[in-house]
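Each remark here refers to the structure printed beneath this line.
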Amino acid sequence: MSILEMQRVLTRVFTSEEFRQSFLADAEAACGAYDLTARELKSLKALDGERVGNYALILREVRFELALRAFPLTQSLLPDDFHKFAGRYVREYPPTTTTGAAMFREATTLYRFVLKLAEEGELNVPYLRDVMKYEKNLFSVGNRLEASLSANACSEANAVLPPDFTERAIGHLRPLKGAHVETGSFGYDVLALISQLSRGEEPRLSEERTYVLFHKVPGDQGVKVSKINAATRDLIGLCDGTRATAEVISELAARREVTSAEGRAELSCRCLKMFRALADANVIGFPAPKPAAADG
Amino acid sequence: MNGALPNLGVGLGYRAPLHEDILNNREHIDFLEVVTDPYVYAAPEKADWLVESTKGFPLVGHGVSMSVGSDMPVDGDYLERTAALVQKFGAPWFSDHLSFTKVPELNTEHLAPLWFTEEALDIVLRNVKRVKAGTGTPFLLENITYYFPIPFGDMTEAEFITGALEQADIGMLLDINNVHINSINLGYDPYEFIKSLPLERVVQLHIAGGRRMLGMVVDTHGSTVHPEVWRILEFVAANAPVKGVILEWDQNFPDFGEIVNILKRAKEIMKKGC
């Protein structure tokens, strides 16, 4: 059905500045690759070029605004003329085929774009990276369906944990940080920063490396946010579901160059306490091992 | 066809920044229209929280991505999720737009105009049939704002809308602000346009504000209702069995008292029109 071809041309005219320019210059040539009827081509050639161009500008702003909605505090930091980057944004990150939440997709893309602008020196805004990263993590953990499913799966897995968290009891289990958990490293005390911005205050903070845990509790639409230390961050980071608990502890021991038996035992004790706490908080899940496949 | 649907009165498009104001002004807001897309692929707790926290308000659903005008099948997963969501809302109806937003390889995430041809109408009818089969909740189609016509069609916009509504046997969400904006941008009489529609199928109305930019009036949902929109509302209220009116305000929110005043004025008009 060639109406689809016509719609393909139209969507490209609306979203690609390069194609739009070539279409407005010579519609017939620009549409050469499309299987259009003579009538469809006649209609496209008769489109009001100025109005079509204006509509493309409106679409550009709509995309930009949709992405910004996930970053309310970040918006308060951005310069008034930030929208001058909208054209570059839609050019470098054209829309794609999609299923799934448009706002999440645009927010993820905008985050990458703003970081790129900051690296290029186009945006020199204090605290911008930290605030935007905070809001991105909050949005990701709080909104995504995968996060909700992961939180539920974690809760189910932890329902049958042994009462004693010893290496013998859980050493073989493979702890898993799921989609309902994010950890972030920030250059400032980001919780204080967010608190000040939320109150409408101008932040005044010194650089201070801070680690933050974002996690979703089953059935709760909110996100729990808490400061953690580097050790906890490292431990959570190793819980990718492939390493057994004992392997995680051994890996941490190696990173800290803990070689003595006493040192290893002390580290193990601390890690197990932390694993217990993280399991109780539904941050780390301990899924039961899958049964081995029967020989055929 | 509207007879079986409840009369919901005059309400407000639900927007998260207005949540507390909405709860604190219940007596002025008869029902809420929820844009379904942010909830369709999100954690289910979000929709659960919305339903729980707005208890007491009837909710209707309003989508933006069904893309019934696209020459491709309706996204079955999106339809199923939307149908489940509006059922969770207990919505007496839900709506989307007579437009297209995507082709297989690209989603513009915005409502683009259709070419008013027989072939395009067949596509709409095919897709609306799929939507109706996929949900038990009555489905309405809304007229969109568009800034340029697609030339050399077979029929007028009013004829296209009429064909879609009557042949698909569905109701209409008549966006009065969109009619007003199109009448300015495209140069036609809004009253003649509305008279050409099957007004007995109008279930719900939208009112909103726009603003001038790029030499056109743009549907921004970010300002107060234009005086002409009020006049058109009076006309429609007297001529269509409307079951609900929603004020859409998405950005540049005013003091909530201004929104309440708009709702009050709409209620007065609807009362006179009945």
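Throughout, protein chains are lettered first and strands after them, A, B, ... in sequence-line order, and every chain is numbered starting at 1.
No donor-acceptor contact under 3.5 angstrom links the side chains of A:Tyr93 and A:Arg88, judged on distance only. When only modelled atom types and interatomic distance are considered, B:Glu142 and B:His62 share a side-chain donor-acceptor pair under 3.5 Å. Remark: the A:Ser195 side chain and the A:Arg199 side chain contain an N/O donor-acceptor pair separated by less than 3.5 Å. A donor atom on one side chain and an acceptor atom on the other are found under 3.5 Å apart for A:Ser148 and B:Glu45. Side-chain contact annotation: B:Thr117 with B:Asp154, donor-acceptor N/O pair under 3.5 Å absent. Using a 3.5 Å distance cut-off with no hydrogens or angles, the side chains of B:Asp219 and B:His221 do pair a donor with an acceptor.
For A:Val62, the part lying under 4.5 angstrom from a heavy atom of chain B is the side chain only. Proximity to chain B is absent for every atom of A:Leu149, based on heavy atoms less than 4.5 angstrom apart. With a threshold of 4.5 angstrom between heavy atoms, A:Leu44 does not approach chain B through any atom at all. Interface remark: A:Glu106 contributes side-chain atoms only to the contact with chain B (heavy atom separation under 4.5 Å). Contact annotation for A:Leu59: only side-chain heavy atoms (C-beta onward) come within less than 4.5 Å of a heavy atom of chain B. Both the backbone and the side chain of B:Tyr147 come within contact range of chain A, each with at least one heavy atom under 4.5 Å from a heavy atom of that chain. Interface remark: A:Arg144 contributes backbone atoms only to the contact with chain B (heavy atom separation under 4.5 Å). Of the atoms belonging to A:Ala147, not a single heavy atom falls under 4.5 Å from chain B. For chain B, the nearby parts of A:Arg39 are the backbone and the side chain; heavy atoms of each come within less than 4.5 Å. Heavy atoms of B:Pro44 lying under 4.5 Å from chain A belong to its backbone as well as its side chain. Heavy-atom distances place both the backbone and the side chain of A:Thr11 under 4.5 Å from chain B. Only the side chain of A:Lys216 comes within less than 4.5 Å of a heavy atom in chain B; its backbone stays farther off.
For the options A:Leu66, A:Thr15, A:Asp48, heavy-atom pairs under 4.5 Å to chain B are most numerous at A:Thr15. The candidate from B:Leu111, B:Asp37, B:Val218 with the greatest count of non-hydrogen atom pairs under 4.5 Å with chain A is B:Leu111. Chain B forms the most heavy-atom pairs under 4.5 Å with one residue out of A:Pro95, A:Gly53, A:Gly222, A:Pro94, and that residue is A:Pro95. Most heavy-atom pairs under 4.5 Å with chain A: of the set B:Asp48, B:Val40, B:Asn185, B:Thr101, this distinction falls to B:Asn185.
Salt bridge annotation for B:Arg126-B:Asp122: absent, with no cationic side-chain nitrogen under 4.0 angstrom from a carboxylate oxygen.
Using cut-offs of 30° and 60° on the angle between ring planes, the pair A:Phe64 and A:Tyr89 is tilted.
For A:Phe214 and A:His180, the ring centers are positioned 6.0 Å apart or more.
A:His215 NE2 to A:Glu182 CD: the interatomic distance, rounded to the nearest 0.5 Å, is 13.0 Å.
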